Q: 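For reference, the structure I am asking about is given below.
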Number of protein chains: 2
Amino acid sequence: MTDTLLAPPDDPNPEGARARILETASRLFYQHGLRGVGIDRIIAESGVAKMSFYRHFPAKDDLIRAYLEGRHRRWLAGFQARLAARPPELAAVVDILLAWAAEPDYRGCAFINAVAEVGEGIAGVAAIARAHKDDLQRLLAEWLAPRLGERAPMAARCAMVVVEGLIVRSQMGEGELLANDGRWLLQRVEAEFGTE
Amino acid sequence: MTDTLLAPPDDPNPEGARARILETASRLFYQHGLRGVGIDRIIAESGVAKMSFYRHFPAKDDLIRAYLEGRHRRWLAGFQARLAARPPELAAVVDILLAWAAEPDYRGCAFINAVAEVGEGIAGVAAIARAHKDDLQRLLAEWLAPRLGERAPMAARCAMVVVEGLIVRSQMGEGELLANDGRWLLQRVEAEFGTE
DNA sequence: TGCGCAATATACAGACCTGTCTACATCAAC
DNA sequence: GTTGATGTAGACAGGTCTGTATATTGCGCA
């Protein structure tokens, strides 16, 4: 299992201008925000010529969408791998989220952050973020299905509210008792939808 | 009661450069993000000269902090006024939040958004945001106290996780079943901490 | 009347940002 | 060997951003 929640890059080959640009942009965008990082910095830190950049990404917004789509795939892959390693009890979700939040460069959910920053200001961003959350909810529902049956989708929907709350509160530095509260809330969800 | 959750400005007098600047900045910063609005636009839309602006706010970051502090006071005042009008049952919180989320210019929590956008990038922003959340949690605990007694602080802490989840999910456009899920989750919290 | 203060209008400096352009190097395929 | 795709290096245009400087106006007040 990887050290970080995020699965490794699609293209592990550090050669290739496009892969290097995406890798650098992912790190910088997540850390400093979409508008907090300029093209020049991404070009400099990825060791690529400006013309190479604009050959692969006609505009900065294209890079932003590619970053979000890549992160969507990698984050979900990493999350799914960790989920699959545990029986379908929602306490596992709290463990995974809090291990993620404890990573040194943790800055919350990249998709919440992107919507919070630019809203509808960059075409496609809101749609990608929504798709990410939908896929995560679906993933949870499928994982819960063996235990909760046809009620799994409803449980996943409720769990998502708690999941978002845990992500945001840990981002705001409220790390103290999140493990207890999160575990307890999700146990309630599980109990509700697990019983007949 | 006001039409919006936000209480009216501290200085309802639209005369005075400082008040007009803050009013304009509040609207624009909330709507387009801190880095998405330039000084020039704020100056133009508030009908103020550039020198007047810099007399009141030595730098843009000072305006940003003033905006967040003002919003902190006004939002909490508006929320408290609505809470006070209802008996301390957590379903009221869901009603208030969803009425807020239904306002036409709703874009989530200004403090979550500010932290999501700039993180530690602007001095003081993270601290103001944390103070806002702490005060909100305290307010909830005090409101719940007549009903839940000494367990009110714990209930408020759990409720905050759900509150953040509801705010973020409604911001991401997931408005469908939030009322049901939110009400149900908070009823669980209430039941847990209300029984002996 | 004249002083002082707050505000206005506007020009400007210097940095940074996105995106384009030219010129050249490498290398594989046909 | 020529062609085309991919890459590097760096200058440049045009816009926007923050923040400063200059000159002027309106007004209360002594």
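Proteins come first, then strands; the chains are lettered A, B, ... in the order of their sequence lines, and each starts at number 1. Quantities reported herein were computed from a predicted structural model and do not represent experimental measurements.
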Q: Can you tell me if B:Arg20 touches the phosphate of C:dT8, counting only side-chain N or O atoms and a distance under 4.0 Å to OP1 or OP2?
A: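 Indeed, a polar side-chain atom of B:Arg20 lies that close.
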
Q: Could you tell me whether A:Asp181 and A:Arg169 make a salt bridge, using a distance below 4.0 angstrom between a side-chain N and a carboxylate O?
A: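 A salt bridge is absent here (no side-chain N lies under 4.0 Å from a carboxylate O).
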
Q: Mind calculating the distance between CZ (B:Arg35) and C1' (C:dC17) to the nearest angstrom?
A: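 Atom CZ in B:Arg35 sits about 14 Å away from atom C1' in C:dC17.
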
Q: A:His32 NE2 to C:dC16 C1': how many Å, rounded?
A: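 To the nearest whole Å, that distance equals 16 Å.
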
Q: Strictly below 4.0 Å: does B:His56 bring a side-chain N or O up to OP1 or OP2 of C:dA7?
A: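 The answer is yes; a side-chain N or O of B:His56 sits under 4.0 Å from OP1 or OP2.
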
Q: Mapping A:Gly36 and A:Pro58 to their closest nucleotides on DNA chain C, which lands nearer the 5' end?
A: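 Going by which nucleotide is closer to the 5' end, it is A:Gly36.
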
Q: Looking only at N and O atoms, is any donor in the side chain of A:Lys50 or the base of C:dG19 less than 3.5 Å from an acceptor on the other one?
A: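 Such a pair is found, so the answer is yes.
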
Q: Write down the distance between CZ (B:Phe57) and C1' (C:dA6), rounded to a whole number of angstrom.
A: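 Atom-to-atom, B:Phe57 to C:dA6, this comes out as 15 Å.
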
Q: Check whether any side-chain heavy atom of A:Leu83 lies under 4.5 Å from a side-chain heavy atom of A:Leu140, and answer yes or no.
A: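 Yes. Closest side-chain heavy atoms under 4.5 Å.
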
Q: Quick test of your reading: applying ring-ring contact (aromatic ring centres under 6.0 Å, His included), list the pairs with at least one residue in residues 83-102 of chain A, sequence neighbours left out, ordered by first then second residue.
A: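 Pairs touching residues 83-102 of chain A that pass the test: A:Trp75-A:Trp100, A:Trp100-A:Tyr106.
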
Q: Can you check whether B:Arg55 has a side-chain N or O nearer than 4.0 Å to OP1 or OP2 of C:dA6?
A: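 It does not, given that no N or O in the side chain of B:Arg55 lies less than 4.0 Å from OP1 or OP2 of C:dA6.
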
Q: Starting at atom CG of A:Leu34, determine the distance to atom C1' of C:dC17, rounded to an integer number of angstrom.
A: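 To the nearest whole Å, that distance equals 15 Å.
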
Q: Can you check the A:Phe53 CZ to C:dG19 P distance for me, whole Å?
A: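 So the CZ-P distance, A:Phe53 to C:dG19, works out to 8 Å.
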
Q: Is the count of non-hydrogen atoms from other residues, nucleotides or ligands lying under 6.0 Å from B:Glu120 atom CD greater than 12?
A: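 No, not enclosed.
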
Q: Whole Å only: how far is the CG atom of B:Asp40 from the P atom of C:dA11?
A: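 After rounding, the gap between these two atoms is 13 Å.
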
Q: Are B:Val48 and B:Arg18 close enough that some pair of their side-chain heavy atoms sits under 4.5 Å apart?
A: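 Contact flag for B:Val48/B:Arg18 side chains = no.
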
Q: Salt bridge or not for B:Glu45 and B:Arg41, using N-O below 4.0 Å?
A: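 Judged by the 4.0 Å cut-off on N to carboxylate O distance, B:Glu45 and B:Arg41 do form a salt bridge.
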
Q: A side-chain contact here means heavy atoms from C-beta on lying under 4.5 Å apart; do A:Leu185 and B:Arg188 qualify?
A: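 No, too far: nothing below the 4.5 Å cut-off.
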
Q: Report the distance from atom OH of A:Tyr54 to atom P of C:dT22, rounded to the nearest whole Å.
A: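 About 17 Å, once rounded to whole Å.
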
Q: Taking any atom closer than 4.0 angstrom to a non-hydrogen atom of chain B, what span of DNA chain D does the protein reach, first nucleotide to last?
A: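 Range of nucleotides within reach of chain B: D:dT18 to D:dT22.
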
Q: In whole angstrom, what separates B:Met51's CE from C:dC5's P?
A: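 So the two atoms are 15 Å apart, to the nearest Å.
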
